[in-house]
Each structure stands twice: as C-alpha cells, then as structure tokens.
Amino acid sequence: MPITASAKKEIRASGRKHIYNLRRLRAMRTLMKQLIIKHRSGDKEAVKEGYRLAQKAIDKAAKCGVIKERTASRKKAMLSRMTKMQTS
C-alpha cells in the first residue's frame, strides 16, 4: 500500500493511463479483426478503407507507447500483404 501522498497520486494516475492504453489496444485489435473479416468477404473498397483505419490505429498505439515501433511495423506489413493479395 502506498504511504505518501505522492505515491497515492501516482497510483491514481497510473490507473487512468492503464485504462487509456487498454482503450487504444482494444480499438487497434478490433479494427484489425474487422479488416480480416472484410478481406474474407471480398469487398475491395471495404478492404482499402479498413486497411487505412487499421493502419491509423496501429500508428496511434505505437506513438503512445502501447505497442513497440517494430511490433507496429510488423502488424502493418502483415495487413499490407493481406490487402495486396485482395486488391490484385
């Protein structure tokens, strides 16, 4: 248990940051899953739009430190390969 006032404040702040980070992570994963579903359906325009939104969410998560830069790059590359297969 925290003793000092500053330690108690840090616990509260870290709780808020944790919720914010979970929200970013959940949004990123949801958009990635939606893109995979759109890819399976075969709608090229929906895949392009879904890829753009998923890429944006991945970049935001990486910028905020929710995921690492190289992890973001790997995820975007995987989605890009999948999208290129769909549109070609």
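No experiment lies behind these values; they were computed from the predicted model shown.
The cluster map of Ile, Leu, Val, Met, Phe, Trp and Tyr, joined by side-chain heavy atoms under 4.5 Å apart, puts Ile67 and Met78 in the same cluster. Met32 and Leu53 are members of different hydrophobic clusters when ILVMFWY side chains are connected at heavy-atom separations under 4.5 Å.
The NZ atom of Lys56 lies 14.5 Å from the OH atom of Tyr51; values are rounded to the nearest 0.5 Å. Note: Lys8 NZ to Arg12 CZ = 9.0 Å, rounded to the nearest 0.5 Å. Separating the OG1 atom in Thr30 from the CZ atom in Arg26 is a distance of 7.5 Å, to the nearest 0.5 Å. If you take OG1 on Thr71 and CD on Glu69, they are separated by 9.0 Å, rounding to the nearest 0.5 Å.
Side-chain atoms of Lys60 and Val66, non-hydrogen and from C-beta on, never get closer than 4.5 Å to each other. Between Asp59 and Lys63 the shortest side-chain heavy-atom distance does not fall below 4.5 Å. Considering only heavy atoms from C-beta on, Ile58 comes within 4.5 Å of Met28 through its side chain. The side-chain heavy atoms of Lys76 and Ser80, taken from C-beta on, include no pair separated by under 4.5 Å. Considering only heavy atoms from C-beta on, Leu79 comes within 4.5 Å of Met82 through its side chain.
Considering all non-hydrogen atoms of both residues, Lys68 and Ala62 come closest at O-CB, 4.5 Å. Nearest approach of Pro2 to Ile11, heavy atoms of both residues: CG-CG1, 4.1 Å. The two residues Ala54 and Leu35 have their closest heavy-atom pair at CB-CD2, 4.4 Å.
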Checking Tyr20 against Arg16 for the side chain to side chain donor-acceptor pair (under 3.5 Å) test, could you report, in this order, the C-alpha distance in whole Å, the side-chain angles of both residues, the deciding distance, and whether it holds? CA-CA 6 Å; Tyr20 180 78; Arg16 286 191 298 268; over 6 Å; no
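Remark: the backbone N or O of Arg70 is not paired with any side-chain donor or acceptor of Ser73 at under 3.5 angstrom.
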